[in-house]
Amino acid sequence: MLDLKLIRENPEKVKQGIANKNEKDRVDEILELDKHRRELIAQSEELKSKRNQVSAEIPKLKKAGQDVTEILAEMKKVSDSITELDVKLREVENQLSEILMYIPNLPHETVPVGKSSEENVEVRQWLPEGFSFEWENGKPLDHIELGKKLNILDFERGAKVSGSGFPVYKGKGATLERALINFMLDYHLQHHGYSEIFPPFLVNRDSMRGTGQLPKMEEDMYHIEKDGLYPIPTAEVPITNLHREEILNEKDLPVKYVGYSACFRREAGSYGKESKGFLRVHQFNKVEMVKFVKPETSYNELELLVKDAEDILQALKIPYRILMLCTGDLSFAAAKCYDIETWSPAENRWLEASSCSNFEDFQARRANIRFRNEQTKKLEFVHTLNGSGLATSRLMVSILENYQTPEGKVIVPPVLQKYTGFNIIG
RNA sequence: GGAGAGGUGGCAGAGUGGUUGAAUGCGGCGGUCUUGAAAACCGUUGAGGAUGCAAGUCCUCCGGGGGUUCGAAUCCCUCCCUCUCCGCCA
């Protein structure tokens, strides 16, 4: 949510930011409602002030033995007027906040302006020693072929049990997945100073609103109507909402959490070539990092967040590149975002495995997460950030494909071997 | 699923129609005392909004919503949540 004052005072800047994000601009509508709202407030408050004044007089007059019948009758009228004004005011405020909930966050000034993912900017690449984009021994098998051949992935049975997009990991594949999750969690705990959260996988509507998934992305969410709960699309939702409606201590900042969760996404209307195998699924596993920080540090924290995710890939020796998303490709709530993409030799392209974003105070405002500034003694909104550290499904594609041998076996990345208890699959 | 209790400031916890935005305690902040600290004592300490250059003035807020009343933390209705006990259960 944007600050209404910001919109009121810098409407042109806000319009530009929204336009750069390819979103519909309803700023004029907001300004109109805001003006009306303040008129109603002024009228209502004037009457309330009068009512308060007279109400304080009444007991005194009564004590003095005066007749107050006439005053009571007049105050009844005043009260009725107040009710009338407040009803109008509430309507206006409801409309206003409804529109505000659909206004995206503004891109940071360092974000390149662009229409779509085509205009994202590659920041850097990291390639393990001896890596080549040219595959040396014929054609690499893709993760689906490997999964089938090694009997570690089963997309068909997943489709039978649940539906398409619900992959099953079997045998050493299941162990490898679990090893990967544990490795990533341990790494962030031991080397990056996070503390671990194991969050609920179902959350309520307020939480979904707090991080910005609702109301705009309603169609992309699973929803358990009977209980009013939503399966989480990312651990960002429960972990960020841990501190909803809370005031944090400045000395505790930055608060850094890392947590594993399964992630559930409807991916409505996204069937097609992008959806084979692991490339787009309804359920996947992810280790998520979430930070609550002081505003002035948030862009530095964003760089550190990316670095934390990169460390995992370097330890796994998976080739990757970092993209800075352009304004048009930024998500609804993000002010700045880096994607990390890992290399798939079989697809012969990069696959998104992580997204690291700074939301500035956009989520904090929605979720009302504040801290007390020790110097000014004032409450301020924290800045929130989160990043995948990382999502396993796409990463698994890169691991299986990059670590395959000419015989179609898969070597377990050395850092994972103590977690798996075996060092080769097949 | 059944029964009961309860939701009040950063926290704990009073308050049951009219200077109660709210006693008291803890915590926080400032001070006195002290070489320093602790203790003790004194003072201070909620949020949001409207308006204003500012100082200030005003309004709202005691789980959410609605109602009664000139006036509601306090009375009524309704919804939500938390806790305890019983039942069921991994």
Side-chain angles (χ1 to χ4, degrees), chain A residues 1-9 30-101 198 200-210 214-215 223-230 238 241-253 255 262 292 361 364-382:
Chain A
M1 192 160 63
L2 294 182
D3 185 4
L4 188 53
K5 273 195 195 123
L6 175 78
I7 300 176
R8 192 187 296 152
E9 285 158 21
I30 289 173
L31 293 176
E32 191 64 32
L33 284 167
D34 177 50
K35 192 175 159 217
H36 192 195
R37 165 179 163 267
R38 285 184 292 157
E39 285 165 4
L40 289 170
I41 287 173
Q43 291 172 28
S44 167
E45 288 192 350
E46 196 184 322
L47 291 178
K48 280 175 184 168
S49 181
K50 183 177 176 190
R51 180 178 68 184
N52 288 344
Q53 233 174 323
V54 176
S55 284
E57 289 299 317
I58 288 173
K60 292 180 195 163
L61 293 175
K62 271 188 177 170
K63 239 175 225 167
Q66 292 196 31
D67 179 26
V68 293
T69 321
E70 230 169 276
I71 300 175
L72 294 191
E74 198 199 328
M75 281 304 107
K76 173 74 179 153
K77 278 188 206 161
V78 170
S79 263
D80 289 346
S81 306
I82 291 172
T83 307
E84 215 173 293
L85 284 168
D86 280 350
V87 167
K88 279 189 205 159
L89 178 61
R90 184 133 46 100
E91 272 171 34
V92 169
E93 287 190 328
N94 284 345
Q95 286 178 44
L96 193 55
S97 62
E98 175 72 9
I99 296 175
L100 274 174
M101 290 302 270
F198 204 126
F201 291 1
L202 302 180
V203 299
N204 58 33
R205 203 176 163 83
D206 285 343
S207 293
M208 290 293 261
R209 218 196 317 262
L214 292 181
H223 183 201
I224 298 165
E225 231 164 281
K226 196 168 182 183
D227 299 291
L229 295 170
Y230 295 81
N241 277 283
L242 287 177
H243 293 303
R244 173 152 51 83
E245 307 290 341
E246 288 188 14
I247 296 167
L248 304 175
N249 288 320
E250 182 176 1
K251 62 176 190 300
D252 294 337
L253 300 178
V255 171
F292 303 81
D361 65 2
R365 214 172 265 287
R366 288 182 162 230
N368 199 23
I369 308 169
R370 295 172 294 175
F371 73 100
R372 178 149 336 251
N373 184 314
E374 305 265 345
Q375 279 188 329
T376 63
K377 305 288 175 211
K378 294 283 179 202
L379 292 175
E380 291 179 33
F381 291 109
V382 298

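Chain letters run A, B, ... following the sequence lines, proteins first and then strands; every chain starts at 1. Everything numeric here is computed off the predicted structure, so don't read it as measured data.
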Side-chain touch [X]/[Y], heavy atoms, less than 4.5 angstrom:
X: A:Gln95; Y: A:Glu98; result: no
X: A:Lys50; Y: A:Glu74; result: yes
X: A:Arg8; Y: A:Arg38; result: yes
X: A:Leu202; Y: A:Ile224; result: yes
X: A:Val78; Y: A:Val54; result: no

Would you say [X] places a side-chain N or O within less than 4.0 Å of OP1 or OP2 belonging to [N]?
X: A:Ser79; N: B:rG71; value: yes
X: A:Arg205; N: B:rC80; value: no
X: A:Arg372; N: B:rA47; value: yes

Between [atom2] of [N] and [atom1] of [X], the distance in whole Å:
X: A:Phe371; N: B:rG46; atom1: CZ; atom2: P; result: 19 Å
X: A:Leu4; N: B:rG48; atom1: CG; atom2: C1'; result: 13 Å
X: A:Glu74; N: B:rU69; atom1: CD; atom2: C1'; result: 17 Å
X: A:Asn373; N: B:rA47; atom1: CG; atom2: P; result: 13 Å
X: A:Ile247; N: B:rG27; atom1: CD1; atom2: P; result: 19 Å
X: A:Lys5; N: B:rG48; atom1: NZ; atom2: P; result: 9 Å
X: A:Arg90; N: B:rG49; atom1: CZ; atom2: C1'; result: 16 Å
X: A:Asn249; N: B:rC29; atom1: CG; atom2: P; result: 11 Å

On a whole-Å scale, what distance lies between the [atom1] atoms belonging to [N] and [M]?
N: B:rU51; M: B:rG13; atom1: C1'; value: 37 Å
N: B:rC77; M: B:rG4; atom1: P; value: 15 Å
N: B:rA38; M: B:rC33; atom1: C1'; value: 12 Å
N: B:rC76; M: B:rU16; atom1: P; value: 14 Å
N: B:rU44; M: B:rC26; atom1: C1'; value: 16 Å
N: B:rU24; M: B:rC42; atom1: P; value: 12 Å
N: B:rA37; M: B:rC59; atom1: C1'; value: 46 Å
N: B:rC62; M: B:rA22; atom1: C1'; value: 8 Å

Inset, instruction - Choose from B:rA47, B:rG10, B:rG71 the nucleotide whose nearest atom is closest to any side-chain atom of A:Leu379. - result: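 It is B:rA47.
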Legend entry - A:Glu45 side-chain proximity, nearest of B:rG66, B:rG49, B:rG10: B:rG49
Legend entry - Strand-adjacent residues in residues 31-43 of chain A, judged by heavy atoms under 4.0 Å from RNA chain B: A:Arg37, A:Arg38, A:Ile41
Legend entry - Parallel, tilted or perpendicular, as decided by the 30° and 60° cut-offs, for the rings of A:Phe292 and A:His243: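 Geometry flag for A:Phe292 against A:His243: perpendicular rings.
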Legend entry - Nearest-nucleotide 5' precedence on RNA chain B, A:Met75 against A:Asp3: A:Asp3
Inset, instruction - Could you pick out which residue, A:Thr83 or A:Ala73, lies toward the 5' side of RNA chain B when each is mapped onto its nearest nucleotide? - result: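 It is A:Thr83, whose closest nucleotide lies nearer the 5' terminus.
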Legend entry - Spacing of CG belonging to A:Leu85 relative to CD belonging to A:Glu45, to within rounding of 0.5 Å: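 One finds 11.0 Å between CG of A:Leu85 and CD of A:Glu45.
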Legend entry - Value rounded to 0.5 Å, distance of CZ in A:Arg370 from CZ in A:Phe381: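 A:Arg370 atom CZ to A:Phe381 atom CZ measures 6.0 Å (nearest 0.5 Å).
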Legend entry - Sugar-phosphate only, base, or nothing, as touched by A:Arg8 at under 4.0 Å among non-hydrogen atoms: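 Counting heavy atoms under 4.0 Å across all strands, the contact made by A:Arg8 is with sugar-phosphate only.
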Inset, instruction - Describe the nucleic acid contact of A:Asn52 in one word from base, sugar-phosphate, nothing, applying a heavy-atom distance below 4.0 Å. - result: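 Contact class for A:Asn52: sugar-phosphate only.
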Legend entry - Audit row: A:Asp34, A:Arg37, salt bridge (Lys or Arg N to Asp or Glu O under 4.0 Å) steps and yes/no: CA-CA 5 Å; A:Asp34 177 50; A:Arg37 165 179 163 267; 3.2 Å; yes
Inset, instruction - For A:Asp86, check side chain to side chain contact (heavy atoms under 4.5 Å, CB included) against everything at least two apart and list the hits. - result: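 Result, side chain to side chain contact (heavy atoms under 4.5 Å, CB included) vs A:Asp86: A:Ser44, A:Lys48, A:Ile82, A:Leu89.
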Inset, instruction - Could you tell me whether A:Asp80 and A:Lys77 have a side-chain N and a carboxylate O separated by less than 4.0 Å? - result: no
Legend entry - Base-paired stems that RNA chain B participates in, counting runs of 3 or more Watson-Crick or G-U pairs under 3.5 Å: B:1-7 with B:80-86, B:10-12 with B:24-26, B:27-32 with B:40-45, B:46-51 with B:56-61, B:63-67 with B:75-79
